[in-house]
Amino acid sequence: MNRKEKEHILDWVEKNEKSLSDWNQVIWNYGETAWREYRSAKWYVDKLKEEGFEVEEGSGGMPTAFCATWSKGEGGPVIGGYAEYDAIPGNCQAADTIEKPRDGLSKYAGGHTDPHSALGIGSLGGFLAAKEAMEKFNIKGTLKFFGEPAEKVRGSKPIHAAKGYYDNLDAAISFHPFYMLPLCNTTRWDTHCAVAYSVMYTFTCDNPETWLSAAGNTPIPVAHATARCPGATDAVVNMYTLSKMYREHMLSNNMGWSMNEAILNTGQATADNIPAQMAQIYYFIRVPDIEMAEAVVKILDQNAESAAKGAHCTWKKDWVTKSRAGLANHVMADVTYQNLKLAGAPKFEGKAIEIAQEIQRNLGIEPMDRPYMDEIEELMDPKEAERKMRTILPSWQQHFTSDDYTEYCWHAPTVRLYIGRPTLKSPDGIYKYPNWVMNALGGIRECIDPMIMSASKTIGMTILDLLVKPEVLEAAKEEFRERTAGGTDGAKWIGPLCDYAPPIKFRWPEYISTERGKNEWVIPANEE
């Protein structure tokens, strides 16, 4: 029924391959990190306006977020999707076959690992292809494309959800490059991503003079002759140590869960006798359900109280993330997978093979005739992927791993699509390639473009099915109503958890402009 429309989408993606490749290069080279993706967000805003979308910049009170809308005719379904574009500090890798940072930057600068650059362009390509088909074949409907910053800290989607941005969606499409087997060239079936909570603890030492009595021979309470107050850095060390020590006392060990921390500020301490005035430590928690997340945070709060008291500080907690677990939708998973079969898995040939072989040679590995993992060029049926994933999980655990696409799941039927990204084959099944290799492959055109093309084709054709096959969309909606026991007012529906302001004012790592240069990383490049 919609064969010619799908052929138009496939043709559009093929004809625009170079543009999609060029666009990915722009975002990949920006390498901007969470909450600081200024140039990346502006690029998307300008491109979407150029394509005829109406764009709300800074949506949800987040400077690097946006909400772009385009409609054909009146009525018709509203289909949502999004771009992510945040990179990760400390992963600044050039698009090269050797380990080196991008020109003029510290190796500690931001760099794309997943890569979110290709995630966003793959999704954008699908939406623009669908838009072209809607115009050509007079297909009614609305495309709603979001800019979702700070995914690495699960930042924007809980906020967008809580502020009502997803409320009018009829369906949503989430895409991510492959990051672990068996989730490669497939869609998630039952076991979707889990709950994520994250919190910032700030310790301040506002009254160091009351730590001990000052020396009688000086008016300065922090003179060199007095005992120095522990201060905020000591509080963070206390917090770090306590939380590491108590980790096994937070939750049962019979499941997969994780808690990671990062220290954002170290108090501006000097070599003088002045204690650190302020320091912050950030915790990110991935757990199967909300109750477990609340239990972990409760213990962290207790640790913060103890840590502050021991270091003569006060403390406060700020929320960065409260993200719900995912909700399956088999109809969406199946229709998307059928379109992935039409689009085909990525194929890595010619120059992509030569580049991979050069990397292997530079690492002292005998180059392989077929250097890429077999799985990234093969399709995986969603039910088979589910079966394989469940082999490592306890039977009671319903959710696994973490990503905030899950926020869309509670407002509309949502699919989670994975496409194979360039990944090299181990020479002996044991050898692990250094991290820079995956990062570099995400920025080398010949290696990453096949994934972008496959994603764009799959997403574009899935949008088309949802627009022109009302029985498919209605089946997806009916499944959504069944799983929530009544939809967004249903007995099993979980509402947005976000009850906090956008956490944009912390000292997130970023690029800065100085006398030394423009857009250098906050940690300067080593000039030795």
Item to check | Lys/Arg-Asp/Glu bridge criterion (N-O < 4.0 Å) met for Arg416, Asp403 | outcome: yes
Checklist entry - Is there a donor in the side chain of Thr414 and an acceptor in the side chain of Tyr405, or the other way round, less than 3.5 Å apart? => result no
Checklist entry - Looking at Glu384 and Arg387, does any basic side-chain N land under 4.0 Å from a carboxylate oxygen? => result yes
Next on the checklist: Quick check against the 3.5 Å criterion: does Tyr500 have a side-chain atom that pairs as donor or acceptor with the backbone of Lys322?
Outcome noted: yes
Next on the checklist: Once side-chain hydrogen bond (donor to acceptor under 3.5 Å, both in side chains) is applied, what residue pairs with a partner in residues 138-150 remain, sequence neighbours excluded?
Outcome noted: Ser71-Thr142, Lys144-Asn168, Glu148-Ser156, Glu148-His160, Glu148-Tyr166, Glu148-Tyr408
Checklist entry - Which atom names give the shortest non-hydrogen contact between Val153 and Ala34, and what distance separates them? => result CG2-CB, 4.2 Å
Checklist entry - So, are Glu50 and Lys47 salt-bridged, with charged N and O less than 4.0 Å apart? => result yes
Checklist entry - Are any of the side-chain nitrogens in Asp465 or Lys6 under 4.0 Å away from the carboxylate oxygens of its partner? => result yes
Checklist entry - Is NZ or CZ of Lys157 both nearer than 6.0 Å to the six-membered ring centre of Tyr82 and within 45° of the ring axis? => result yes
Item to check | Partner of Tyr197 under ring pair (Phe, Tyr, Trp, His ring centres under 6.0 Å), chosen from Tyr282, Trp319, Phe284 | outcome: Trp319
Next on the checklist: With a 4.0 Å cut-off on N to O distance, would you call Glu407 and Arg154 a salt bridge?
Outcome noted: no
Next on the checklist: Let me confirm one number: the NZ-OG1 distance from Lys388 to Thr186, rounded to the nearest 0.5 Å.
Outcome noted: 10.5 Å
